[in-house]
Novice: 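Submitted below is the structure of interest, expressed as structure tokens.
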Amino acid sequence: MRDLRGMVVVITGASAGIGAALARSLHRCDAKLVLAARRKERLDSLNAELGNEHHVVQADVAREQDCRNIIDETIARFGRIDTLVANAGYGIYETVDQTSPAQFRDIFAANVFGTTDLIHAAIPEMLKQHAEDGYRGQVMIVSSVAARRGVPYLGAYSATKAAQLSIAEAMRVELADNKIAVTSVHPIMTKTEFGTTAESRGRIVLPRSDRDLMTQSVEHVARRMVEGIARPRAEVWPSAVSRILVGLGTLIPMTVDRMMAGYYQRVVDSNRASKDG
Ligand SMILES: NC(=O)c1ccc[n+]([C@@H]2O[C@H](COP(=O)([O-])OP(=O)(O)OC[C@H]3O[C@@H](n4cnc5c(N)ncnc54)[C@H](OP(=O)(O)O)[C@@H]3O)[C@@H](O)[C@H]2O)c1
């Protein structure tokens, strides 16, 4: 069990949603935090709420230099990095064929290359550190339930989340002997700004009943992530049921296709109705 008190945790995407909730939870455990995102005023007000004890970095993770700055500023301020939480990311509600090449490149730049650029900057620093409570460090990647099963209207996003999972799976084995843990996180729909952003970037609006379906709170997801930081594990699935359903999907994909087709049709109908109305 790692002692969270004084632990240095970098959280990207800390200006909203899951990242902000995780920051609040880790603050209560006396961790030292680096809060990164593009909206600096949001980060400053979160830091003020938490007693201005933490470090704020304005960064766009789609830029390699910004990822490097996050890690450089962490080392300069706190001298080590115990857990890197690569959480920044977004979705686009759109069909695959209507997602433009530029949109594909942009979403991979933020969700995937944002993750790998942070990893490239952080791992050399972790390798220099002595182990604390059995670990030199930990990389926690916030992927999604969509990593294991692509979701209609979230095809590009699902692809980025699958890429993050593959990276986590490979790295976990590669870094085990160096005492660096790698954990992927797989939330289902969580009440954050995710849906609003995804709608603003695509043409599709989800029916509110679907947006409310199977949603979990950010506090619940953050709690499970804190457990995964204190006791590193391979994967964190905040909804156990989703893990079983997605597991079944790899064995019986056509059955899951049929379930997904029902959801797809509901979205088609509701978008048609709102256009006609
Ligand atoms: N909510 C869900 O249903 C759900 C489910 C599964 C997985 N997830 C994953 O959880 C993570 C957090 O999402 P959320 O639900 O908390 O959404 P959110 O409320 O929209 O928060 C997204 C965060 O990511 C940051 N971000 C986005 N693009 C960025 C960029 N280029 N550079 C730096 N920061 C960036 C945003 O900050 P700025 O805009 O200030 O930069 C914000 O802090 C994402 O990786 C998402 O894929 C969410």
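Ligands are counted one by one from 1 in listed order, and the atoms in each one are counted from 1 as well.
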Novice: Is any N or O atom of A37, backbone or side chain, closer than 3.5 Å to an N or O atom of ligand 1?
Specialist: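 A37 vs ligand 1: no N/O contact under 3.5 Å.
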Novice: Provide, to 0.1 Å, the distance between atom 22 (C) of ligand 1 and the closest protein heavy atom, together with that atom's residue and name.
Specialist: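 Nearest neighbour among protein heavy atoms for atom 22 (C) of ligand 1, to 0.1 Å: G89 O, 3.7 Å.
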Novice: Can any side-chain N or O of R2 pair as donor or acceptor with the backbone N or O of A230 at less than 3.5 Å?
Specialist: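 No; judged by distance alone, with no hydrogens or angles, the pair does not exist.
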Novice: Backbone N or O of S184 within a donor-acceptor pair of the E235 side chain at under 3.5 Å?
Specialist: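 Between the backbone of S184 and the side chain of E235 there is no qualifying donor-acceptor contact (under 3.5 Å).
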Novice: Measure from atom 44 (C) of ligand 1 to every heavy atom in I11, N87, V57, V145 and give the option owning the shortest one.
Specialist: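 Checking each option, the heavy atom nearest atom 44 (C) of ligand 1 is found in N87.
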Novice: With heavy atoms of G17 as the reference, note each atom of ligand 1 found under 4.0 Å away.
Specialist: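 Answer, ordered by atom number: 16 (O), 19 (O).
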Novice: Which residue and non-hydrogen atom of the protein lie closest to atom 6 (C) of ligand 1, and at what distance in Å?
Specialist: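 It is P187 O, 3.3 Å.
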Novice: Where do G228 and Q138 come nearest, in terms of heavy atoms and distance?
Specialist: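 For G228 versus Q138, the nearest heavy atoms are O-NE2, 2.9 Å.
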Novice: Tell me whether T183 contacts the main-chain N or O of M140 through its side chain, where contact means a donor paired with an acceptor under 3.5 Å.
Specialist: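 Pair absent, no side-chain N/O of T183 close to backbone of M140.
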Novice: Give a yes or no on whether the backbone of E227 and the side-chain of R233 come within a donor-acceptor separation of less than 3.5 Å.
Specialist: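 Between the backbone of E227 and the side chain of R233 there is a qualifying donor-acceptor contact (under 3.5 Å).
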Novice: Touching ligand 1 at all, I188? Heavy atoms, strictly under 4.0 Å?
Specialist: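 True for this residue.
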Novice: Is K161 close enough to touch ligand 1? Criterion: a residue heavy atom under 4.0 Å from a ligand atom.
Specialist: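 Under 4.0 Å: yes for K161.
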Novice: Could you check, using the six-membered ring where one of them is a Trp, whether F108 and Y157 have ring centers closer than 6.0 angstrom?
Specialist: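 Distance test on ring centres: not under 6.0 Å, no.
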Novice: Can you see which heavy atom on I18 is nearest to which on P187, and at what distance?
Specialist: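 Scanning both residues, the minimum pair turns out to be CD1-CG, 4.2 Å.
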Novice: With respect to T192, determine whether any N or O atom, backbone or side chain, lies less than 3.5 Å from an N or O atom of ligand 1.
Specialist: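 Indeed, backbone or side chain, T192 has an N or O that close.
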Novice: Looking only at protein heavy atoms, identify the closest one to atom 21 (O) of ligand 1 and say how far it is in Å.
Specialist: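 For atom 21 (O) of ligand 1, the nearest protein heavy atom comes out as A16 CB, 3.8 Å.
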Novice: List the closest protein heavy-atom neighbour of atom 33 (C) of ligand 1: residue, atom name, distance to the nearest 0.1 Å.
Specialist: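 Minimum-distance protein heavy atom for atom 33 (C) of ligand 1 reads A59 O, 3.3 Å.
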Novice: For atom 27 (C) of ligand 1, grab the closest protein heavy atom and report residue, atom and distance to one decimal in Å.
Specialist: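 Here the nearest protein heavy atom works out to R38 NH2, 3.4 Å.
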Novice: Touching ligand 1 at all, V142? Heavy atoms, strictly under 4.0 Å?
Specialist: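 In this structure, V142 qualifies as a contact of ligand 1 - some heavy atom is under 4.0 Å.
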Novice: With a 4.0 Å cut-off on heavy atoms, does M189 reach ligand 1?
Specialist: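 Within the 4.0 Å threshold, so yes.
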Novice: Can you figure out which of V221, T190, T197 has its heavy atom closest to atom 3 (O) of ligand 1?
Specialist: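 Nearest option to atom 3 (O) of ligand 1, by heavy atoms: T190.
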Novice: Return yes if some donor-acceptor pair links the side-chain N/O of T12 with the main-chain N/O of A88 below 3.5 Å, else return no.
Specialist: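 Judged by distance alone, yes, a pair lies under 3.5 Å.
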Novice: Test your reading of the model: is there a side-chain donor-acceptor pair from T250 to the backbone of V246, 3.5 Å cut-off?
Specialist: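 Pair absent, no side-chain N/O of T250 close to backbone of V246.
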Novice: If the cut-off is 4.0 Å to any non-hydrogen atom of D60, which atoms of ligand 1 fall inside it?
Specialist: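 It comes down to these atoms of ligand 1: 30 (C), 31 (N), 32 (N).
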Novice: Tell me whether the rings of H186 and W237 are parallel (<30°), tilted (30 to 60°) or perpendicular (>60°).
Specialist: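 The rings of H186 and W237 lie parallel, inter-plane angle below 30°.
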Novice: Output yes when a side-chain donor or acceptor of D60 lies under 3.5 Å from a complementary backbone atom of A62, and no otherwise.
Specialist: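 Indeed, once roles are kept as given, a pair shorter than 3.5 Å links the two residues.
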Novice: On a heavy-atom basis, I'd like to know which of K40, Q216, H186, E193 is closest to atom 19 (O) of ligand 1.
Specialist: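 Answer by nearest heavy atom: E193.
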Novice: Quick check: does V61 get an N/O under 3.5 Å from an N/O on ligand 1?
Specialist: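 Yes - when backbone and side-chain N and O of V61 are compared with those of ligand 1, one distance drops under 3.5 Å.
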Novice: Does P238 offer a backbone N or O that forms a donor-acceptor pair with the side chain of H220 under 3.5 Å?
Specialist: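 Confirmed, H220 side chain pairs with P238 backbone.
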Novice: At what distance is the nearest protein heavy atom to atom 35 (C) of ligand 1, and which residue and atom is it?
Specialist: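 The closest one turns out to be A88 CB, 3.6 Å.
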Novice: Mind checking whether Y90 and F194 have ring centres under 6.0 Å apart?
Specialist: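 No: the rings miss the under 6.0 Å criterion.
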Novice: Whether the side chain of Q103 engages the backbone of R201 through a donor-acceptor N/O pair (distance < 3.5 Å, no angle test) should be reported.
Specialist: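 A pair under 3.5 Å: yes.
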Novice: Between ligand 1 and S143, can you find any atom pair, the residue atom being a heavy atom, that is separated by under 4.0 Å?
Specialist: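 Checking ligand 1 against S143, which is what was asked, there is a heavy-atom contact under 4.0 Å.
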Novice: Can you check whether S144 has an N/O within less than 3.5 Å of an N/O in ligand 1?
Specialist: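 It does not: no N or O of S144 is found under 3.5 Å from an N or O of ligand 1.
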Novice: Check each atom of ligand 1 against the heavy atoms of Y157 and keep those under 4.0 Å away; list them by number with element.
Specialist: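 Per the distance check, 6 (C), 7 (C), 8 (N), 9 (C), 46 (C), 47 (O).
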Novice: Heavy atom to atom 37 (O) of ligand 1, shortest distance: which of S15, G13, A110 holds it?
Specialist: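 Answer by nearest heavy atom: S15.
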Novice: Who's the nearest protein heavy-atom neighbour of atom 16 (O) of ligand 1, and how far?
Specialist: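 For atom 16 (O) of ligand 1, the nearest protein heavy atom is I18 N, 2.8 Å.
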